[in-house]
Amino acid sequence: MTTTQTLTITRPDDWHLHLRDGELLKAIVGHTAAQFGRAIVMPNLNPPITTTEHAKAYQARILDALQQTVPAADFLPLMTLYLTDNTGPDEIYRAKNSGIVHGVKLYPAGATTNSDAGVTDLLGHCAKTLEAMQDEGMPLLVHGEVTDPAIDLFDREAVFIDRVMIPLRKQFPALKVVFEHLTTSEGVAYVTEAEGPIAATITAHHLLYNRNAMFVGGLRPHWYCLPVLKREKHREALLGAATGDTGRFFLGTDSAPHARGRKEQDCGCAGCYTALHAMELYATAFDSVSRIDRLQAFASENGPAFYGLAPNTSTITLEKQPFTIPGSLQLGGDEVVPLAGGEALAWSIKA
Ligand code: DOR
Ligand code: ZN
């Protein structure tokens, strides 16, 4: 008789999540709350969350949406600010004192969805603010891609390390930095070897898929995200990092829903919806290299340790039972296609 393999881990957290707003927020927040204890909530709304006051109001809307949809949920949204050329040190002190803001997000202007208000010259315009962040222990969460049109889309992360990350960390060596949604072997090598307080989040889709996924049998917009999927050798490096023991890599889904029609059009939006089946995706990825034993550290320990928070106290249980991903979801009046919709994953969450 065979017994089903199960895995009980400390309740995980999602250190990079897009929760959107309004009806879509109400429709999706329960998916994240069903799996995670906390999530770092990205500030790229339109208009962006640039002040502590905005962040407080947004957190209240998230908690209200949770209350209306899954009142029994035990979930805490950790808020972030969107760094602009005009964010001043005072805003950092307010953010720190609020107790609800846990990071400040750097979007290079034009790098991705709703990044038009992003930073145009980080060290030129934001030095005093970065100094305040360094002093206050406020992490900088970095979308690490250059936007220079002369740089190939697939090389934008590697070039960012040389042009921005290294000079930034030389000037502010004690600044806590999270290299968000890492996608390359160059990124893995940098985060593994660099001195000082640096860590990185890794998405489930970058662990499971290489760039071929965007072109299987035709153009596949639901596999398009930013930073874009990379070559197989990069995926293998990410899997090695996620399952390794540096303590510097942790879970961040970058789950980012867009209505089906906004992805399936002549200029489709970047973003993969993975909040529904996040832990099923990660468990399948870890098990693919026989390292399911490393999921607890990646999903539940390394993130809180970097952010200076305690791990969650409850647990979740996964089991090696197939989970079929729905082909489509109705979310707040929109149809959203989840990542790998219609396909089966090796692991599921035990009810
Ligand atoms: O694919 C992405 N989608 N990457 C981002 O950086 C932003 C996100 C979104 O908000 O849709
Ligand atoms: Zn993101």
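Counting starts at 1 for both ligands and their atoms, in listed order.
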Going from OG on Ser348 to CD on Gln321, what distance comes out if it is rounded to the nearest 0.5 angstrom? 6.0 Å
Between NE2 of His18 and NE2 of His16, what angle is found at the Zn ion (ligand 2), rounded to 10 degrees? 110°
Which atom name does Asp254 have for its N/O/S atom nearest to the Zn ion (ligand 2)? OD1
Any N or O on Ala270 sitting closer than 3.5 Å to an N or O of ligand 1? yes
Step by step, work out the side-chain contact (heavy atoms from CB on, under 4.5 Å) result for Leu123 and Phe172. CA-CA 10 Å; Leu123 294 180; Phe172 301 99; 3.8 Å; yes
Nearest neighbour in protein (non-hydrogen) for atom 1 (O) of ligand 1: Leu226 N, 2.9 Å
Quick one: does Lys26's side chain have a donor or acceptor within less than 3.5 Å of a partner on Ala65's backbone? no
Residues Lys320 and Asp287 bridged, charged N to O under 4.0 Å: yes
Between OG1 of Thr8 and CG of Leu318, what distance do you get to the nearest 0.5 Å? 8.0 Å
Whether Arg156 and Asp148 form a salt bridge (side-chain N of Lys/Arg under 4.0 Å from carboxylate O of Asp/Glu) is what I want to check. no
Can a donor-acceptor pair be found, under 3.5 Å and without considering hydrogens, that links the side chain of Gln296 to the backbone of Thr10? yes
Is the Zn ion (ligand 2) less than 2.8 Å from an N/O/S atom of His143, whether that atom is in the backbone or a side chain? no
For Arg20, the atoms of ligand 1 under 4.0 Å from one of its heavy atoms are 9 (C), 10 (O), 11 (O)
Taking 2.8 Å as the cut-off, does His181 contribute an N, O or S atom near the Zn ion (ligand 2), distance below it? no
Below the 3.5 angstrom mark, is there an N/O of Tyr224, backbone or side chain, next to an N/O of ligand 1? no
Using a 4.0 Å cut-off to any heavy atom of His143, which atoms of ligand 1 qualify? 6 (O)
Check each heavy atom of Glu180 against ligand 1 and say whether those closer than 4.0 Å belong to the side chain, the backbone, both or neither. neither
In ligand 1, which numbered atoms sit nearer than 4.0 Å to a non-hydrogen atom of Cys225? 1 (O)
Could you tell me, atom by atom, which parts of ligand 1 come under 4.0 Å of a heavy atom of Asn44? 9 (C), 10 (O)
Show your working on side-chain contact (heavy atoms from CB on, under 4.5 Å) between Tyr273 and Val337 and close with a plain yes or no. CA-CA 7 Å; Tyr273 189 61; Val337 177; over 6 Å; no
Side chain, backbone, both or neither: Ala256 near ligand 1, heavy atoms under 4.0 Å: side chain
N/O separation below 3.5 Å, His258 to ligand 1: yes
Using a 6.0 Å distance limit plus a 45 degree cone around the ring axis, check whether Lys230 lies over the aromatic ring of Phe154. no
Interatomic distance, Tyr209 atom OH to Cys272 atom SG [nearest 0.5 angstrom]: 9.5 Å
Quick one: look at Met42 and ligand 1, take heavy-atom pairs under 4.0 Å, and tell me if it's side chain, backbone, both or neither. neither
